[in-house]
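In what follows, every chain begins at residue 1, and chains take the letters A, B, ... in the order their sequences are listed. Because the structure is a prediction, the values reported are computed rather than measured.
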2 protein chains.
Amino acid sequence: MLPAAGLSIGEAALRLGVSVHTLRYYERDGLLNVPRLPAARETETVQPPDSRHAQRRYGESELSLLRFLLVLRGTGMPMSLIRRYMALVRAGEDTVAERRELLVSHQRAVTAQIAALGENLKAIEQKIVKYDRAGGCAPLPASEGTSCETTGGH
Amino acid sequence: MLPAAGLSIGEAALRLGVSVHTLRYYERDGLLNVPRLPAARETETVQPPDSRHAQRRYGESELSLLRFLLVLRGTGMPMSLIRRYMALVRAGEDTVAERRELLVSHQRAVTAQIAALGENLKAIEQKIVKYDRAGGCAPLPASEGTSCETTGGH
DNA sequence: GCTTGACTTCGAGTGCGCTCCAGGGGGTAC
DNA sequence: GTACCCCCTGGAGCGCACTCGAAGTCAAGC
């Protein structure tokens with residue numbers, strides 16, 4: 001349960017499978033805030049550094065936030081909506097209803113997207129089958145005889 | 001079965017659900033060639049126009065090519081690959097094997113994409129469920145009593 | 001002290017797929 | 001003839017999500 005002071009940006013990037021550029025970009029773009037080092041550390045040199053130039057530390061909470069962020073990105077939610085969602089998360093528990101609404105609407109979009117992809121996939125597979133039938137005559141596989149006319153079509 | 005001289009670019013765009021800009025862009029980008037008017041027409045003015053400035057006519061063959069092109073685009077195939085595929089189509093029947101290969105590889109990509117989307121969708125749905133359980137206490141629906149602690153999490 | 005390496009900032013650059021614009025053609029309607 | 005509408009071209013612009021570069025900071029190792 002202890003935050004254990006978290007990972008550096010490089011480690012976090014590695015673990016999440018994105019670039020450090022992307023992580024910084026997300027923060028710059030207002031998607032989330034990441035705490036910085038100077039708070040408490042084992043050996044305390046005189047001063048925590050310059051306050052800018054302070055290194056980010058990614059704890060469990062940031063990581064799980066980012067994991068979900070990547071889920072949203074991975075389903076094509078635009079940055080602007082993600083920004084809104086993350087702001088709601090930061091704003092506390094009484095934004096749950098609105099967050100839910102946002103996710104439900106996105107869920108519908110994703111479902112539709114999957115359906116459309118499935119349709120298109122079907123069309124691609126049909127074309128492949130057509131090529132299989134046509135290709136039995138010339139190049140690759142040797143199967144039993146079907147008529148080998150090139151009756152139009154691509 | 002007769003080509004009936006085909007549609008204008010505006011009509012084709014309307015029918016395919018894209019903009020005329022996009023159709024011209026596809027052609028400019030080498031995805032396909034579209035025949036032009038000046039061949040044979042009812043009233044022949046002295047000269048068929050300037051040869052540039054000649055209007056495109058979209059016949060069944062162009063339309064079905066475009067429909068499949070849109071399937072490929074709709075599944076995220078990049079323009080460069082589509083260009084290759086379309087070149088193979090133009091090149092004639094003995095490119096069928098290579099076309100097939102291209103489509104099969106894309107098919108795999110789309111299948112993977114759908115799977116990934118499904119995974120992400122699951123994560124989103126779980127989050128929604130979590131919000132449902134949390135939200136029973138405060139804002140929207142009134143259901144029977146579950147414990148209403150906010151035990152961590154976004 | 002100097003180098004190395006991972007971090008910091010801000011701003012500019014990239015790639016993709018359109019999308020739009022200026023400037024012009026040409027045919028039909030009034 | 002001139003208004004209208006759809007068509008043409010080449011090139012510029014846009015939105016998105018990164019991606020990279022220059023210049024600087026800091027801690028650790030030799």
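By the salt bridge (charged side-chain N to carboxylate O under 4.0 Å, His left out) test, B/Arg15 is found to be paired with no residue, residues two or more places apart in sequence or in another chain being considered. In this view, B/Glu125 satisfies the salt bridge (charged side-chain N to carboxylate O under 4.0 Å, His left out) rule with no residue, not counting sequence neighbours. B/Thr111 pairs by the side chain to side chain donor-acceptor pair (under 3.5 Å) definition with nothing, not counting sequence neighbours. In terms of the salt bridge (charged side-chain N to carboxylate O under 4.0 Å, His left out) criterion, residue partners of A/Glu98 (sequence neighbours excluded) are, by chain and number, A/Arg84.
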| request: Summarise protein proximity over nucleotides 10-17 of chain C in one line of letters, 5' to 3': B for base, S for sugar-phosphate only, - for none, counting protein heavy atoms closer than 4.0 Å. | output: BB-----B
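Under a 4.0 Å N-O distance rule, the pair B/Arg57/B/Glu62 does not qualify as a salt bridge.
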Tell me which donor-acceptor pairs under 3.5 Å the side chains of residues 65-75 of chain B have, and how far apart each pair is, sequence neighbours excluded?
residue	atom	partner	partner atom	Å
B/Arg67	NH2	B/Glu60	OE1	3.1
B/Arg73	NH1	B/Met77	O	2.8
B/Thr75	OG1	B/Val71	O	3.0
B/Thr75	OG1	B/Leu72	O	2.8
B/Thr75	OG1	B/His106	NE2	2.7

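If A/Gly10 and B/Thr22 are placed on DNA chain C by their nearest nucleotide, the residue sitting closer to the 5' end is A/Gly10.
When rounded to the nearest whole Å, the span between NE2 of B/His21 and C1' of D/dC6 equals 12 Å. B/Leu7 has its CG atom 11 Å from the P atom of D/dC7, to the nearest Å. Between A/Gln55 atom CD and D/dG24 atom P the separation is 19 Å, expressed in whole Å. If you take CD of A/Glu27 and C1' of D/dC18, they are 16 Å apart, rounded to a whole angstrom.
Listed pair A/Ser8 / C/dC7 meets the phosphate criterion, a side-chain N or O lying under 4.0 Å from OP1 or OP2. The side chain of A/Arg36 contributes an N or O atom lying less than 4.0 Å from OP1 or OP2 of C/dT9.
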